[in-house]
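Okay, so here's the structure we're looking at.
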Amino acid sequence: MRLATWNVNSLNVRLPQVLDWLNQHQPDVLALQETKLPDERFPQAALEEAGYTCAWFGQKAYNGVALLSRTPMEDVQRGVPGLEDEQRRALAATIGGVRVVCLYVPNGQQVDSDKYRYKLDWLAATRDWLQQELSVHPRLVVMGDMNVAPEDQDVHDPRRWAGQVLVSPPERRAFAALLDVGLQDAFRLFPQPPKVFSWWNYGAVAFRRNLGLRIDHVLVSAELARRCRACVVDPGPRGHERPSDHAPVLADFDLA
DNA sequence: ATGGCTGGGTCTCCCAGA
């Protein structure tokens, strides 16, 4: 089973790239973030034509998440249960016996801002939800744009970024608290080359000089960690014309 | 080069992203 996550920064703009990428990589599941589409504009027909059934949870202009699957989805959950949140950032479904959670974690904008506090509160509520999910789904995968670079090796210039949003200690603790419920960063289950990132600022040099962060993640339960065979970032789409600022992350599993 | 880009909406300016 191949699972993937991609912050597309507007599914309206990126739909042709998503269709190309699905055709090229044939994932069983693709989690999307920042679709930026109200639900009535979700491109269901084009994605179904490509062989994917869809669940989506969108809003106008901002946020928005979706799950695409080659096989049927059950028990679709929209939003973090129990969290009052007008922003549509979470979506879950059970696919082939695997509970799949798609997250678009708030950016936080600036340390100590209202948006930063919202981010930390959101992560705390999500942690509680994932703990519940794990208690009933031993095969749990949580993937998406987590907006946290977990360690300095996930940052192109840790000294310049020290203390800033996306790397600040409270954010890293909140991310570690997600792992503490019983999840592992699939990317770090394997030897990886240095300086692998999943996001690069728009602009002339950031991608060319690999000035990025690794903030898009696939987190897996112990049972899925045992069955995980690979986890890689695909920087290809970031080099295309009119790219998203994020690259997709893929993980392969051997599910007997 | 930490955003000196991009997408969307209120639409030639502002908000938000990361």
Side-chain angles (χ1 to χ4, degrees), chain A residues 5-18 31-43 56-66 85-90 102-123 126 143-175 178 187 195-217 233 235 237-249:
Chain A
T5 179
W6 192 5
N7 178 326
V8 291
N9 186 19
S10 169
L11 184 55
N12 183 46
V13 172
R14 233 65 68 190
L15 180 61
Q17 293 185 37
V18 170
L32 300 176
Q33 302 88 40
E34 280 206 276
T35 55
K36 294 186 171 179
L37 286 173
D39 285 343
E40 63 272 20
R41 287 186 54 205
F42 188 85
W56 58 93
F57 189 46
Q59 66 183 88
K60 191 170 74 171
Y62 303 111
N63 309 310
V65 284
D85 190 5
E86 293 182 355
Q87 302 187 25
R88 296 186 163 186
R89 297 180 172 276
C102 171
L103 299 182
Y104 175 44
V105 175
N107 167 276
Q109 196 174 55
Q110 193 172 343
V111 171
D112 289 334
S113 64
D114 286 347
K115 288 177 182 174
Y116 183 79
R117 286 181 282 277
Y118 164 66
K119 178 180 192 173
L120 295 179
D121 290 345
W122 197 94
L123 282 166
T126 297
M143 55 185 173
D145 176 359
M146 312 264 173
N147 267 321
V148 179
E151 302 177 277
D152 279 354
Q153 64 179 328
D154 303 311
V155 180
H156 72 90
D157 186 347
R159 283 174 53 195
R160 178 156 298 188
W161 277 84
Q164 300 297 306
V165 75
L166 311 184
V167 310
S168 74
E171 289 166 90
R172 284 179 166 174
R173 284 196 291 271
F175 179 83
L178 299 184
F187 184 78
K195 298 186 183 300
V196 174
F197 305 124
S198 67
W199 170 85
W200 302 261
N201 190 51
Y202 281 121
V205 306
F207 182 62
R208 185 155 51 80
R209 294 190 189 166
N210 196 30
L211 308 177
L213 305 174
R214 192 176 70 92
I215 55 177
D216 299 86
H217 305 298
V233 179
R238 185 60 181 78
H240 292 166
E241 287 283 311
R242 235 185 152 184
S244 168
D245 44 354
H246 294 253
V249 183

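Lettering follows sequence order; numbering is per chain, from 1.
- When distances run from any side-chain atom of D145(A) to the nucleotides dT10(B), dC5(B), dA18(B), the shortest one goes to dA18(B).
- Each of Q109(A) and T35(A) lies near DNA chain B, and the nucleotide nearest T35(A) is the one positioned closer to the 5' end.
- Using bins of under 30°, 30° to 60° and over 60° for the plane-to-plane angle, the ring pair H217(A)/F175(A) lands in the tilted bin.
- The aromatic rings of H246(A) and W199(A) are tilted relative to each other, their planes meeting at an angle between 30° and 60°.
- The phosphate of dT6(B) has neither OP1 nor OP2 within less than 4.0 Å of any side-chain N or O from S10(A).
- For dG9(B), the OP1/OP2 oxygens have no side-chain nitrogen or oxygen of K60(A) closer than 4.0 Å.
- Residue contacts shown for E34(A) are limited to sugar-phosphate atoms, with no base heavy atom under 4.0 Å away.
- Atom CG of L37(A) and atom P of dG9(B) are 8 Å apart (whole Å).
- Between dA1(B) and dC13(B), the two P atoms lie 30 Å apart (nearest whole Å).
- Among the protein residues, N63(A) comes within range of no part of the nucleic acid, since none of its heavy atoms lies under 4.0 Å from any strand.
- Sequence order on DNA chain B of the closest nucleotides to N9(A) and P106(A) puts N9(A) first from the 5' end.
- Rounded to whole Å, atom C1' of dC15(B) lies 16 Å from atom CG of D114(A).
- Distance check on atom P: dC15(B) versus dT10(B) gives 14 Å, rounded to whole Å.
- To the nearest whole angstrom, the two C1' atoms, one in dT6(B) and one in dT12(B), are 16 Å apart.
- Separating the OG1 atom in T35(A) from the CG atom in N63(A) is a distance of 8.5 Å, to the nearest 0.5 Å.
- If you measure from atom OH of Y202(A) to atom C1' of dG17(B), you get 10 Å, rounded to the nearest angstrom.
- At whole-Å resolution of the value, CZ in R89(A) and P in dA16(B) are 12 Å apart.
- Between N12(A) atom CG and dG7(B) atom P the separation is 10 Å, expressed in whole Å.
- Contact annotation: Y118(A) does not reach the phosphate of dA16(B) (side-chain N/O to OP1 or OP2, under 4.0 Å).
- When heavy atoms are screened at a 4.0 angstrom cut-off, D157(A) is found touching no nucleic acid atom at all.
- Comparing dA1(B), dG3(B), dG8(B) against the side chain of A61(A) picks out dG8(B) as the nearest.
- For the pair V165(A) and G108(A), the tightest heavy-atom approach, listed with the atom from each and the gap, is CG2-C, 3.8 Å.
- Spacing between dA16(B) and dC11(B) at atom C1', rounded to whole Å, works out to 16 Å.
- Neither OP1 nor OP2 of dC5(B) sits under 4.0 Å from any side-chain N or O of R242(A).
- Between the CZ atom of F207(A) and the P atom of dA18(B) there is a distance of 17 Å, given to the nearest Å.
- Listed pair R14(A) / dT6(B) fails the phosphate criterion, with no side-chain N or O lying under 4.0 Å from OP1 or OP2.
- Atom pair H246(A):NE2 and dG7(B):C1' shows a separation of 13 Å (rounding to whole Å applied).
- In this entry the distance linking CG of N107(A) with C1' of dT6(B) reads 14 Å, nearest Å.
- Contact check, N147(A) against dA18(B): a side-chain N or O comes under 4.0 Å of OP1 or OP2.
- Among the nucleotides dA16(B), dA18(B), dA1(B), the one closest to the side chain of Y62(A) is dA16(B).
- Considering only the side chain of W199(A), dG3(B) comes nearest among dG3(B), dG17(B), dG7(B).
- When all heavy atoms are compared, the tightest approach of D114(A) to R117(A) is OD1-NH2, 2.8 Å.
- At a threshold of 4.0 Å, the pair R89(A)-D145(A) does not count as salt-bridged, since none of the basic side-chain nitrogens sits closer than that to a carboxylate oxygen.
- Counting only distance, with no hydrogens or angles, the side chain of S198(A) and the backbone of A247(A) share no donor-acceptor pair below 3.5 Å.
- Y104(A) comes within 4.0 angstrom of the backbone, heavy atoms only, and of no base.
- Remark: K36(A) is not in phosphate contact with dG17(B), judged by side-chain N or O atoms under 4.0 Å from OP1 or OP2.
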